Amino acid sequence: MSEAVTHSAPTSTDLLASLDPLLREWLPRQRWFAGKGRPITGFSLVAATELLPSTAQLGLIHLLVRARQPHALAQDTAQPGDCYQLLIGVRATLPPRLAPALIGRPRSGPLAGRTVYEALQDPRPAGLLLEALRSRARVGELRFERDMRQDIRGDLVPRLVTAEQSNSSIVYGDTFILKLLRRVVPGINPDLELPLALAREGCPRVPAPTAWMLADLADDTHVLGVLQPFVKGAADGWELALRGLAKGEDFRGAARELGRATAEVHTALARALPTVTLGRGPLQSLVDGMTQRLDEAARAVPALRPYAPGLHTAFEALADLAAEGQTWTAQRIHGDLHLGQCLRAPSGAWSLIDFEGEPAKPLAERRLPQPTARDVAGMLRSFDYAAHAQPAAPDGWADACRAAYCTGYAEVSGRDPRTDPVLLRAYETDKAVYEVVYEARHRPDWLPVPMAAVRRLAHPASP
Ligand SMILES: Nc1ncnc2c1ncn2[C@@H]1O[C@H](COP(=O)(O)OP(=O)(O)O)[C@@H](O)[C@H]1O
Ligand SMILES: O=P(O)(O)O[C@H]1O[C@H](CO)[C@@H](O[C@H]2O[C@H](CO)[C@@H](O)[C@H](O)[C@H]2O)[C@H](O)[C@H]1O
């Protein structure tokens, strides 16, 4: 594979000009494209690296391109639009097996007359990425790094994961999984930072990064991908909960183990990275954020409006405690925890994955220490979702799982999340409000699920 890492990159605006009309059409159709519903008005090249010369029988170009869009998510107006990572294969013609990967045939520029396609679907370019990681290659601005204590075999067969994802993942011979981040941002991505910190702490609940891929650009280093051991035969917590419900199985044991696993991760993160005490000021900012999200959600989703006053009381109660002088500890957390982010190996051991946080939020915000109750609340919401998604769920199933999860959490951390009901209710409310907006936009049929929680949270039972 040495061919992969010997060609440096002619950064070429001609290259982008030749791809521009094809990408305008192809990019919005990708599941991971974050700017759906807004037209792409143009592209700018952030970096281009030729991993295999585009004139060869098989060419491979690594691209970081910024898609300009009106009202893009990026906060920095000096850099409007999101930056995407693309791996572009170049061939004379595509073999039939690669037909679904087609991007198109550029009419002009350096790629005129050739066929370009999504290279991750092609085993050879996918294999080449593994080899670059194995050999700690440097190509142009791309830097491939690895943990030398973990062995990476060179003969593993790649396959692209076809599940609906926010990013793209390749599994290598059921031994490793490489997650390539699609929307990339400058700075340290928690999806690499936190698993590395947990590995240093010896925490076995998160697969330890084996290798990672970076781009050293003028403004900062960008994390492009992370290779980690593949948990063989694993199923995620969402699948397992639904399967268990369909078969009438008791999920409390699994929920309790999951609570223990969450607490192990939190305890290790608190050891590995700084913790802070949140007093009145920071707590008020947190409450202000929750309040603002609720107000925006109520404007966007009319069904929420009658419950808004009741939901506000959840946030006001938290602000009142802070005003009375209560403080909370904040630390690095998962940031987007739900049953789908938990993998259970055939041995029964749980692993947590996907530490990226909520991708739509700015990186700096995602890396802030927060109360662990936020992750706990995310999981509690998920048990509620599972019970609503399965019509055969017996009464009390979600409550029993929620209780078992908190019990497991307390066994390991020494702190039962239920002993801080005001904080937990505020975070559950914040999450349910987020879910109302998410479901109204993406899955209107699911809106009744978070709405049931909204009704409960707006009128909590008296203690
Ligand atoms: N270490 C792993 N072992 C086995 N499967 C994994 C592993 N990491 C991720 N997966 C699978 O890949 C899917 C996507 O991973 P995730 O990190 O959640 O990506 P995304 O951010 O794109 O959603 C997961 O739902 C899971 O099924
Ligand atoms: O896939 P992401 O991690 O980006 O999360 C988004 O989609 C989730 C649904 O796929 C959504 O999660 C909600 O539905 C889940 C069941 O499908 C449930 O387990 C979660 O508890 C619930 O929040 C998530 O909110 C959204 O950000």
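Indexing begins at 1, ligand by ligand and atom by atom, following the structure's order. Small disclaimer: the values here were computed from a predicted structure and weren't measured.
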Margin query: Whether the Y117 and D122 side chains hold a donor-acceptor pair (N or O, under 3.5 Å, no angle test) is what I'd like checked.
Written below: yes
Check: Applying side-chain hydrogen bond (donor to acceptor under 3.5 Å, both in side chains), which residue pairs with at least one partner in residues 296-312 are found, sequence neighbours left out?
Finding: Q292-E296, D295-H312
Check: Rounded to the nearest 0.5 Å, how far does CG of L352 lie from CG of L194?
Finding: 11.0 Å
Check: With sequence neighbours left out, what residues match A211 under side-chain contact (heavy atoms from CB on, under 4.5 Å)?
Finding: L133, R146, I152, L227
Note to self: Considering non-hydrogen atoms of the protein only, which is the closest contact for atom 26 (C) of ligand 1, and what is the distance?
What the structure shows: I353 CD1, 3.9 Å
Checklist line | S169 N/O under 3.5 Å from ligand 1 N/O | finding: no
Notebook entry, point to check: Is the H338-Y385 ring centre distance short of 6.0 angstrom?
Noted result: no
Check: Taking any residue with a non-hydrogen atom under 4.0 angstrom from an atom of ligand 2, which ones do you get?
Finding: S166, W238, D336, H338, Q341, S382, Y385, K431, Y434, E435, Y438, R443
Checklist line | Proximity flag Q341 to ligand 1, non-hydrogen atoms under 4.0 Å | finding: yes
Next item on the list: With rounding to the nearest 0.5 Å, note down the distance linking CZ in R293 to CG in D430.
Entry: 4.0 Å
Margin query: Under a 4.0 angstrom heavy-atom cut-off, which atoms of ligand 1 come close to P207?
Written below: 1 (N)
Checklist line | Short side-chain to backbone donor-acceptor contact, Q85 and L224, under 3.5 Å | finding: yes
Notebook entry, point to check: Is the shortest side-chain N to carboxylate O distance from R443 to D445 below 4.0 Å?
Noted result: no
Notebook entry, point to check: So is there a nitrogen or oxygen of N167 less than 3.5 Å from a nitrogen or oxygen in ligand 1?
Noted result: yes
Next item on the list: Report yes or no: does S351 have a heavy atom closer than 4.0 Å to ligand 1?
Entry: no
Notebook entry, point to check: Aromatic rings F33 and Y84: how do their planes relate, parallel, tilted or perpendicular, breaks at 30° and 60°?
Noted result: tilted
Check: What residue and atom, counting heavy atoms only, is the protein's closest point to atom 3 (N) of ligand 1, and at what distance?
Finding: V231 N, 2.8 Å
Checklist line | Per-residue contact class, I177 against ligand 1 - non-hydrogen pairs under 4.0 Å | finding: side chain
Check: Less than 4.0 Å between a side-chain N and a carboxylate O, is that true for R243 and E249?
Finding: no
Next item on the list: Examine the proximity of ligand 1 to A163 and report which part, side chain or backbone, both or neither, has a heavy atom under 4.0 Å away.
Entry: neither
Next item on the list: Run the contact test for S166 against ligand 1 with a 4.0 Å cut-off on heavy atoms, strictly below, and give the result.
Entry: yes
Note to self: Assess, by modelled atom type and distance only, whether the side chains of T210 and Q228 contain a donor and an acceptor separated by less than 3.5 Å.
What the structure shows: no
Next item on the list: List every atom of ligand 1 that sits less than 4.0 Å from any heavy atom of P229, numbering the atoms from 1 in the order shown and giving each element.
Entry: 1 (N), 2 (C)
Check: Does a salt bridge link R143 with E145, judged by any charged N lying under 4.0 Å from a carboxylate O?
Finding: yes
Checklist line | Selection from Q165, R31, K179 by shortest heavy-atom distance to atom 21 (O) of ligand 1 | finding: K179
Note to self: If you measure every N or O of Q228 against every N or O of ligand 1, does any of those distances drop under 3.5 Å?
What the structure shows: yes
Next item on the list: Answer with yes or no whether the side chains of T175 and R153 bring together a donor and an acceptor at under 3.5 Å.
Entry: no
Item checked: Non-hydrogen atom of L343 closer than 4.0 Å to ligand 1 -> yes
Notebook entry, point to check: Which protein non-hydrogen atom lies closest to atom 18 (O) of ligand 1, naming both residue and atom, and how far is it?
Noted result: D354 OD2, 3.2 Å
Contacts table for residues 394-407: side-chain donor-acceptor under 3.5 angstrom, sequence neighbours left out:
{"from": "R402", "atom 1": "NH1", "to": "L380", "atom 2": "O", "distance (Å)": "3.0"}
{"from": "R402", "atom 1": "NH1", "to": "E428", "atom 2": "OE2", "distance (Å)": "3.2"}
{"from": "R402", "atom 1": "NH2", "to": "E428", "atom 2": "OE1", "distance (Å)": "2.9"}
{"from": "R402", "atom 1": "NH2", "to": "E428", "atom 2": "OE2", "distance (Å)": "3.3"}
{"from": "Y405", "atom 1": "OH", "to": "T262", "atom 2": "OG1", "distance (Å)": "2.8"}
{"from": "T407", "atom 1": "OG1", "to": "A403", "atom 2": "O", "distance (Å)": "2.9"}
{"from": "T407", "atom 1": "OG1", "to": "R418", "atom 2": "NH2", "distance (Å)": "3.2"}

Notebook entry, point to check: Among protein heavy atoms, which lies nearest atom 5 (N) of ligand 1, and at what distance?
Noted result: F230 CE1, 3.5 Å
